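Presented below is the structure to which this report refers.
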Protein chains: 2
Amino acid sequence: MGRKRTKSGKIRLAEVAELAGVSPITASRFFRNPEALSIGKRTRVESAAKELGYVPNLAARALASQRTEVIGVLIPSLTNNVFSDVLRGIYDASEGSRYSIQLSNTRYSILQEEKLLRLFLAQKPAGLIVTGIDQTTESRAMLEAADCPIVQIMEIGPDPVDMMIGFSHYDAARAAVAHLFEQGRRKIGFVGARMDPRVQRRLDGYVSAMKDAALFEQRLVVTTATPTSVTLGGALFTDLLAREPNLDAVFCANDDLALGVLFECRRREIAVPEQIAIVGFNDLEFMASAVPTLTSVRTNRYEMGKTAATMLIEAIDGRRPEQPVLDLGFRVIERQSSSPRHSDSRPTVSSAGAANKMVALPSSHD
Amino acid sequence: MGRKRTKSGKIRLAEVAELAGVSPITASRFFRNPEALSIGKRTRVESAAKELGYVPNLAARALASQRTEVIGVLIPSLTNNVFSDVLRGIYDASEGSRYSIQLSNTRYSILQEEKLLRLFLAQKPAGLIVTGIDQTTESRAMLEAADCPIVQIMEIGPDPVDMMIGFSHYDAARAAVAHLFEQGRRKIGFVGARMDPRVQRRLDGYVSAMKDAALFEQRLVVTTATPTSVTLGGALFTDLLAREPNLDAVFCANDDLALGVLFECRRREIAVPEQIAIVGFNDLEFMASAVPTLTSVRTNRYEMGKTAATMLIEAIDGRRPEQPVLDLGFRVIERQSSSPRHSDSRPTVSSAGAANKMVALPSSHD
DNA sequence: AGGAACGTTGACAGCGCTACCAGCAACGAC
DNA sequence: GTCGTTGCTGGTAGCGCTGTCAACGTTCCT
């Protein structure tokens, strides 16, 4: 009798154990901790499993063991290039491990994030990767109460929930503005879209740098809640120019906007960098290839994702990192779009060669 | 005794049922098919669940019901903008449904795809979305034997495994070339990277169109297996020009390459479109914003993902579409980069305005 | 009025696996 | 020789939920 619902063809652990001549529990151990078996049984179980094409039933395992081998990842957007690089790092790090990635999109809403967090935690994930440090009080409490390792990515800040990996958007923006000061720019505009917490911190960094130099003016800042795009960069820049015709530089909260600004300059026959300097943020691949090549703040997105997932997996396996907070830093990559006014801004063909060498950059494509 | 391992705080279906004064099985039905309950019990269970903050244990559900509520998605790349649009559509469609998305990256390897497929199928997914029509024989057999609905996306072709949604890359490439012919172009080069099956079909379409016009020459084709990038577009174009200095147009297998070609033209002071016309593929957002604006073949990527997931979910729920194969088509979006040689190619500011209107395009950002 | 049909509910028995603990042999220490 | 100690193995008893089927009350038909 019994096992009424079992389909005949189904290979269960019991079948493997029977073929190997061991008890099911021994076979089970083979898959979780092979070293615990004697060599003889180990090879017997191994070949039996292969012969039958056994694949463990993860639902049963999760139910019995009261934990899953799922790493939950909460990111705000699937569209944004930035997150696709981070994600690629996460997926790469998870490959080969026994953990699988469960992705959810918060759509830049911390309420949505809270809801998803509740859902995730109920499934007892092995670990969690969450974006940023701006959770709701409720979310924060859930994260602190969670009995799994957690990595916050994209930013660093005080009191991490658990582990944290990112960089200071505030400092990065200040560095970008400082670079423009060094090039002799004074009327530096800020162009930002979406204005999520990280973009907001870039704005804060810009504002503080400008204030330090006694150059801040509110009208130099043009932002919108609209999602970012190249086209939007052109539109925001148009606004900015109308407010301040004597602008001599633009710091863009991301590279898409910077590209849009570049195109708009071309349309208006504004010389870059002679009249206006442009600095972007993230250093996407095309920045090195544009004409003129575009200065940007390089952030280590792929590495961030990969390290986050690696740290998380190590922590799950009991090896907590000695450094729970990792600052991956940033670097202002100075290119033609922000070179000094009087330099030759178009060493054209030779610069193209230089740009082509950048194909090999680590944080490029897969 | 019993329930030794149960943590005190854990809310199970039994607790909800007890608070609601019904049997566990009735409570269970509430979550799966509320209509089957009388109004009274329905509201009682509902409020009990809310009061206790009950969240179902998916592992237990999967084990008991012998099926999961997971939709497996196999795509070849996370980096490619094209797939991020498709994915966004898939995630959007899955939201609000009870299905969750399990993503895996085949890295453009059909062997890797086969391996992942085996893994997925062992977990009895509710449905599967796979990219393209070029599976291994083994994969194909597994897909046909799978007892869940399957959607193939990105392409259409003969004998679908189950459902299929996409468009003909071959026809799209032919249309792009036909457009260039109409503009009076003859020496039309092809630039392609990665050369996955879909890019290969675009090349095939290009070759056939060129042969039909008796204009095909092998040296007009420059391809590489390297992953695509803007910089690479410039490099491939440089090769192409060396092979054929009298080139009058380039058809690029994707928009990143097209942007790279545009920048390279600018670097070399080649007038676009007067000397050389450029046509891209996919119609990414920046194409409408570039200077000159870039012609491209629009493909409905977001819609493809969304429709694929929607069809799949409907099929899972037993409502199979009347049309198992859906051709989403494409459209050549004609812009300045391929306008006739003698037209005014830079109605600059007014065209910028036009470009800005394109912010509202459906297949843009989230 | 009797019975069929329907809508609603509950009891029972697992789903495939693992935590827990017990047992057993082999080994070394005293 | 006895007593731990270690290494490996197995039995038992669930993990939390749902499929199946039977049973109930109600309504509608003849």
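Below, all heavy atoms of this structure are taken into account, side chains as well, without hydrogens, waters or symmetry copies. Computed from a prediction, not measured in an experiment: that's the story for all the values here. In what follows, chains are A, B, ... by sequence order, proteins preceding strands, each numbered from 1.
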Query - Residue list, side-chain contact (heavy atoms from CB on, under 4.5 Å) with L103(A), at least two apart or on another chain - result: V73(A), I75(A), L78(A), L87(A), Y91(A), Y91(B)
Query raised in the report: Quick one: is dC17(D) close enough that its OP1 or OP2 comes under 4.0 Å of any side-chain N or O from Y54(B)?
Result: yes
Query raised in the report: Is any side-chain N or O of S65(B) closer than 4.0 Å to OP1 or OP2 of dT18(D)?
Result: no
**Report entry** Proximity to DNA chain D (any heavy atom under 4.0 Å), residues of residues 24-45 of chain B only
**Finding:** I25(B), S28(B), R32(B)
Requested in this report: Using whole Å, report how far CD of Q66(B) lies from C1' of dG16(C).
Outcome: 8 Å
Report summary line: So the side chain to side chain donor-acceptor pair (under 3.5 Å) pairs with at least one residue in residues 27-53 of chain B (sequence neighbours excluded) are S28(B)-R32(B)
Query - Residue pair I90(A) / G305(A): nearest heavy atoms and the distance that separates them - result: CG1-O, 3.4 Å
Report summary line: Residue pairs passing the salt bridge (charged side-chain N to carboxylate O under 4.0 Å, His left out) test with at least one member in residues 53-71 of chain A, sequence neighbours excluded, are R61(A)-E69(A), E69(A)-R98(A)
Requested in this report: Take the protein atom CZ of R67(B) and the nucleotide atom C1' of dC17(D), then report the distance between them rounded to whole Å.
Outcome: 12 Å
Report task. Carefully, step by step, assess T106(B) and Q112(B) under the rule side chain to side chain donor-acceptor pair (under 3.5 Å). Result -> CA-CA 5 Å; T106(B) 66; Q112(B) 179 70 6; over 6 Å; no
Query raised in the report: Over how many whole Å does the gap from L63(B) atom CG to dG14(D) atom P extend?
Result: 17 Å
Requested in this report: Write down the distance between CD (E18(B)) and P (dG16(D)), rounded to a whole number of angstrom.
Outcome: 15 Å
**Report entry** Value in whole Å for how far the C1' atom of dG16(D) lies from CG of N57(B)
**Finding:** 6 Å
Query - Partner set under ring-ring contact (aromatic ring centres under 6.0 Å, His included) for Y54(B), not counting sequence neighbours - result: F31(B)
Query raised in the report: Which whole-number value in Å describes the distance from K124(B) NZ to dT18(D) P?
Result: 17 Å
Query raised in the report: If you check the A64(A) side chain, which of dG14(D), dG16(D), dG10(C) turns out closest?
Result: dG14(D)
Requested in this report: Quickly work out the R12(B) CZ to dG14(D) C1' distance and round it to whole Å.
Outcome: 11 Å
Requested in this report: Send over the distance from L58(B) CG to dC17(D) P, rounded to a whole Å.
Outcome: 10 Å
What donor-acceptor contacts under 3.5 angstrom involve side-chain atoms of residues 316-326 of chain B, with partners at least two apart or in another chain?
| from | atom 1 | to | atom 2 | distance (Å) |
| --- | --- | --- | --- | --- |
| D317(B) | OD1 | Y99(B) | OH | 2.9 |
| R319(B) | NH2 | E314(B) | OE2 | 3.0 |
| R320(B) | NH2 | D162(B) | OD1 | 2.3 |
| R320(B) | NH2 | D162(B) | OD2 | 3.3 |
| Q323(B) | NE2 | V325(B) | O | 3.4 |

